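The structure appears right after this line, and notes come after that.
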Amino acid sequence: MPNSPADRPRRITLRRRGPLLVEGPVEVELEDGSTVVSDRFRVALCTCRRSRRYPWCDTSHRDRTREKPESG
């Protein structure tokens, strides 16, 4: 039964400039009312909304650097 005293709390880990790490399995309700499910032991939830796999993190939050073209 959900929320019974026997259920252990889910651990959520906050990362500066990164995703929320949530112990799974998880079910996430999106803004439009739809739900997505993951049965993995830990999931990374996107907080920057740059992910192409939103709400799952695809590391799009990482700073990307472009190589400068060589002049000459």
Side-chain angles (χ1 to χ4, degrees):
M1 177 168 162
N3 298 324
S4 73
D7 288 344
R8 66 179 180 86
R10 294 284 179 203
R11 179 178 301 256
I12 300 173
T13 306
L14 302 174
R15 300 281 183 209
R16 183 187 297 253
R17 296 174 46 186
L20 290 175
L21 301 177
V22 182
E23 289 184 1
V26 298
E27 179 178 288
V28 178
E29 183 176 337
L30 302 175
E31 292 175 284
D32 65 3
S34 63
T35 58
V36 291
V37 178
S38 174
D39 60 354
R40 297 184 63 160
F41 71 95
R42 182 177 297 140
V43 296
L45 296 176
C46 177
T47 57
C48 70
R49 294 187 171 253
R50 293 181 198 152
S51 175
R52 289 185 214 123
R53 299 182 56 226
Y54 188 82
W56 316 122
C57 179
D58 67 0
T59 69
S60 294
H61 60 275
R62 294 182 182 164
D63 292 334
R64 305 281 188 213
T65 57
R66 293 184 183 183
E67 292 183 28
K68 293 182 180 179
E70 293 182 28
S71 59

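None of the values given here were measured: they were computed from a predicted structure. Hydrogens, waters and symmetry mates are skipped; everything else that's a heavy atom, side chains included, is used.
- L21 places none of its side-chain heavy atoms less than 4.5 Å from the side chain of I12.
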Can you list, pair by pair, the side-chain donor-acceptor contacts under 3.5 Å of residues 22-29, counting residues two or more places apart and other chains?
{"residue": "E23", "atom": "OE1", "partner": "R8", "partner atom": "NH1", "Å": "2.9"}

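- A heavy-atom distance below 4.5 Å is not found between the side chains of D58 and C46.
- With sequence neighbours excluded, the residues satisfying side chain to side chain donor-acceptor pair (under 3.5 Å) with E31 are R49.
- D32 is linked by a side chain to side chain donor-acceptor pair (under 3.5 Å) to S34, counting only residues two or more places apart in sequence or in another chain.
- Shortest non-hydrogen contact noted between V36 and P55 is CG2-CG, 3.6 Å.
- Closest approach of S60 to S51, counting heavy atoms only: OG-CA, 3.9 Å.
- V43 and L14 end up in the same hydrophobic cluster when Ile, Leu, Val, Met, Phe, Trp and Tyr side chains are linked at under 4.5 Å.
- In the hydrophobic clustering of this structure, L30 groups with L20; members are Ile, Leu, Val, Met, Phe, Trp, Tyr whose side-chain heavy atoms approach within less than 4.5 Å, directly or through other members.
- The list of side chain to side chain donor-acceptor pair (under 3.5 Å) pairs with a residue in residues 35-48, not counting sequence neighbours, is empty.
- We find the SG-CZ distance between C57 and R52 to be 12.0 Å, quoted to the nearest 0.5 Å.
- Take R10 and apply the side chain to side chain donor-acceptor pair (under 3.5 Å) test, not counting sequence neighbours, and it matches no residue.
- Smallest separation of non-hydrogen atoms from H61 and C48: CB-SG, 3.8 Å.
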